[in-house]
K.L.:
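The structure is given below, and queries will be raised subsequently.
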Amino acid sequence: MSSDLKEKVAIITGARRGMGKSHALRLAKAGAKVVVSDISEEECQKVVDEIKKNRGEAMAVKCDVTKKGEVENMVKQAIGKWGRIDILVNNAGICQFKPFLEITEEEWDRTININLKGYFLCAQAAAKEMVKQKSGVIVNIASVAMGQQGVGMPNIVHYCASKGGIVGMTEALAVELAPFNIRVNAISPGAIETPMVDLLKTDPKTMEGVLARVPLHRMGKPEEVSNLVLFLVSDDSSYMTGSTVVIDGGWLAG
Ligand code: NAD
């Protein structure tokens, strides 16, 4: 295994909690210098403190991914401190449960802005540095709600639209950035235990409904997804680009 990330610089968005935090801890453990970014610098700092306690290297940067200026600042800070960007994990996202007929235009725009435009802004800002280096890896976190597999998910139509967009963006970017030795892949997790799905847990019926569709009959842990992120950002996956890897306890196969 060559999943040693020493001397690599990684940016992870939405990393104050949930899967983003887990990815930050995992990549730092593998030796990467990690930019922990999210909407709250204070909470990012707590993740950085945890990484440093484990003798890793990290820095907290406040970044709302919908704001181009903040995204550019995040990249600038990474370059200013460590001189390069090797890895971007586009992870920041929201999921609002609401019947389609009640979703407002503002709610639609908010989901698309964070989940899709945010990935575009971060990928573009990071790729401008990666192109200069002639190397880099981008991992976009999509979802089993990405469509294309015949599993329609009600009450999150705007979320599904954003996640489907991420898969299309990943394939197009992989082709466009390959000449610069930049690989781009996506991960589609199933139901993973994070604050995002707390709402599901409060309703035993909904939870049972989800688990009934998952052959392994449990939710995934953030760390299980982080292992896949580590594989995709490391040289172990050197021949992979443009792929979307599903990690869902068998949900889509069931
Ligand atoms: P989470 O809610 O714990 O984490 C999402 C993070 O994104 C939060 O820290 C939040 O502050 C951050 N964020 C929200 N808006 C932001 C913005 N404008 N700018 C920067 N950061 C912002 O949820 P999670 O489950 O850890 O989600 C991580 C990713 O995984 C998301 O893209 C989500 O859609 C995806 N996902 C989650 C599941 C699941 O079951 N939990 C399944 C499939 C995909």
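Both counts, for ligands and for their atoms, begin at 1 and track the order of listing.
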K.L.:
Taking atom CD of Gln96 as the centre, does the number of heavy atoms from other residues, nucleotides or ligands within less than 6.0 Å exceed 12?
P.N.:
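Correct, the count exceeds 12.
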
K.L.:
So which heavy atom in the protein is nearest atom 25 (O) of ligand 1, and how far is it from that ligand atom?
P.N.:
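Atom 25 (O) of ligand 1 sits closest to the protein heavy atom Thr194 OG1, 2.5 Å.
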
K.L.:
Looking only at protein heavy atoms, which one is nearest to atom 15 (N) of ligand 1, and what is the separation?
P.N.:
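Heavy-atom neighbour on the protein nearest atom 15 (N) of ligand 1: Ile114 CG2, 3.7 Å.
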
K.L.:
Name the closest protein heavy atom to atom 19 (N) of ligand 1, giving the residue it belongs to and the distance to 0.1 Å.
P.N.:
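Looking at atom 19 (N) of ligand 1, the protein heavy atom closest to it is Val65 N, 3.0 Å.
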
K.L.:
For the CD atom on Glu208, are there more than 12 heavy atoms of other groups (residues, nucleotides or ligands in this structure) within a distance under 6.0 Å?
P.N.:
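Atom CD in Glu208 is crowded, with more than 12 foreign heavy atoms closer than 6.0 Å.
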
K.L.:
Closer than 3.5 angstrom, by distance alone: can the side chain of Asn113 be matched with the main-chain N or O of Gly118 as a donor-acceptor pair?
P.N.:
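Flag not set: sc Asn113 to bb Gly118 has no pair under 3.5 Å.
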
K.L.:
Could you tell me which atoms of ligand 1, counted from 1 in the order shown, lie closer than 4.0 angstrom to a heavy atom of Ile141?
P.N.:
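The atoms of ligand 1 under 4.0 Å from a heavy atom of Ile141 are 29 (C), 30 (O), 35 (C).
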
K.L.:
Are any side-chain N or O atoms of Ser188 and backbone N or O atoms of Val246, one a donor and one an acceptor, separated by less than 3.5 Å?
P.N.:
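Answer holds: no.
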
K.L.:
So Glu50 and Lys21, salt bridge (charged side-chain N to carboxylate O under 4.0 Å, His left out) or not? Walk me through it.
P.N.:
CA-CA 10 Å; Glu50 201 172 324; Lys21 176 182 173 182; 3.4 Å; yes

K.L.:
Starting from atom 36 (N) of ligand 1, find the nearest protein heavy-atom neighbour and note its residue, name and distance.
P.N.:
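For atom 36 (N) of ligand 1, the nearest protein heavy atom is Tyr159 OH, 3.5 Å.
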
K.L.:
What atoms in ligand 1 come closer than 4.0 Å to a heavy atom of Tyr119?
P.N.:
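Ligand 1 atoms under the 4.0 Å threshold to Tyr119: 32 (O).
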
K.L.:
At a non-hydrogen distance cut-off of under 4.0 Å, which region of Pro222 contacts ligand 1 (side chain, backbone, both, or neither)?
P.N.:
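None of Pro222 does.
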
K.L.:
Indicate yes or no: does Lys46 engage Asp49 in a salt bridge with an N to O separation below 4.0 Å.
P.N.:
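Result for this pair is no, no salt bridge flagged.
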
K.L.:
To the nearest 0.1 Å, how far is atom 23 (O) of ligand 1 from its closest protein heavy atom, and which atom is that?
P.N.:
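Checked against all protein heavy atoms, atom 23 (O) of ligand 1 sits closest to Met196 CB, 3.2 Å.
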
K.L.:
For ligand 1, is there an atom lying under 4.0 Å from some heavy atom of Gly190?
P.N.:
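Yes, Gly190 has heavy atoms under 4.0 Å from ligand 1.
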
K.L.:
Donor-acceptor check, side chain of Gln133 to backbone of Arg84, threshold 3.5 angstrom: yes or no?
P.N.:
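It does not hold such a pair.
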
K.L.:
Is Pro195 near ligand 1, meaning one of its heavy atoms is under 4.0 Å from it?
P.N.:
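Contact present.
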
K.L.:
Answer yes or no: is there a donor N or O on one side and an acceptor on the other, between the side chain of Ser243 and the main chain of Val245, under 3.5 Å?
P.N.:
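Pair absent, no side-chain N/O of Ser243 close to backbone of Val245.
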
K.L.:
Considering non-hydrogen atoms of the protein only, which is the closest contact for atom 9 (O) of ligand 1, and what is the distance?
P.N.:
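I find the closest protein heavy atom is Asp38 OD2, 2.6 Å.
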
K.L.:
Return yes if some donor-acceptor pair links the side-chain N/O of Ser237 with the main-chain N/O of Met240 below 3.5 Å, else return no.
P.N.:
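Not confirmed, Ser237 side chain does not pair with Met240 backbone.
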
K.L.:
Cut-off 3.5 Å, side chains only: do Glu107 and His158 have a donor facing an acceptor?
P.N.:
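Per modelled atom types, Glu107 and His158 side chains form no pair under 3.5 Å.
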
K.L.:
Hey, is Lys163 one of the residues with a heavy atom under 4.0 angstrom from ligand 1?
P.N.:
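Contact present.
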
K.L.:
Using a strict cut-off of 4.0 Å, indicate which atoms of ligand 1 neighbour a heavy atom of Val197.
P.N.:
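Selected atoms, number and element: 39 (C), 40 (O), 41 (N).
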
K.L.:
Are any of the N or O atoms of Asp64 closer than 3.5 Å to those of ligand 1?
P.N.:
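By distance alone, the answer is yes.
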
K.L.:
Using the side chain to side chain contact (heavy atoms under 4.5 Å, CB included) definition, which of the options Val89, Val61, Val75 pairs with Ile11?
P.N.:
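So, applying the side chain to side chain contact (heavy atoms under 4.5 Å, CB included) to Ile11 and each of Val89, Val61, Val75, only Val75 qualifies.
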
K.L.:
Polar contacts were defined as any N/O atom of the residue lying under 3.5 Å from an N/O atom of the ligand; does this apply to Ile94 and ligand 1?
P.N.:
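Checking ligand 1 against Ile94, no N or O pair falls under 3.5 Å apart.
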
K.L.:
Among pairs that include at least one residue of residues 165-183, which meet salt bridge (charged side-chain N to carboxylate O under 4.0 Å, His left out), considering only residues two or more places apart or in two chains?
P.N.:
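Salt bridge (charged side-chain N to carboxylate O under 4.0 Å, His left out) check on residues 165-183 returns no pairs.
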
K.L.:
Within a distance under 4.0 Å of any heavy atom of Cys63, pick out the atoms of ligand 1 and give their elements.
P.N.:
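Within the 4.0 Å cut-off of Cys63, ligand 1 contributes 19 (N), 20 (C).
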
K.L.:
Is there a heavy atom of Ala191 sitting under 4.0 angstrom from any atom of ligand 1?
P.N.:
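Distance cut 4.0 Å: Ala191 passes for ligand 1.
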
K.L.:
Work out whether the distance between some heavy atom of Ala142 and some atom of ligand 1 is less than 4.0 Å.
P.N.:
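Yes; Ala142 lies near enough to ligand 1 that a heavy-atom distance drops under 4.0 Å.
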
K.L.:
Quick test: of every protein heavy atom, which one is nearest to atom 26 (O) of ligand 1, and how far off is it to 0.1 Å?
P.N.:
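Minimum-distance protein heavy atom for atom 26 (O) of ligand 1 reads Met19 N, 2.8 Å.
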
K.L.:
Would you mind checking which non-hydrogen protein atom is closest to atom 43 (C) of ligand 1, with the distance to 0.1 Å?
P.N.:
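Checking every protein heavy atom, the shortest distance to atom 43 (C) of ligand 1 gives Pro189 O, 3.3 Å.
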
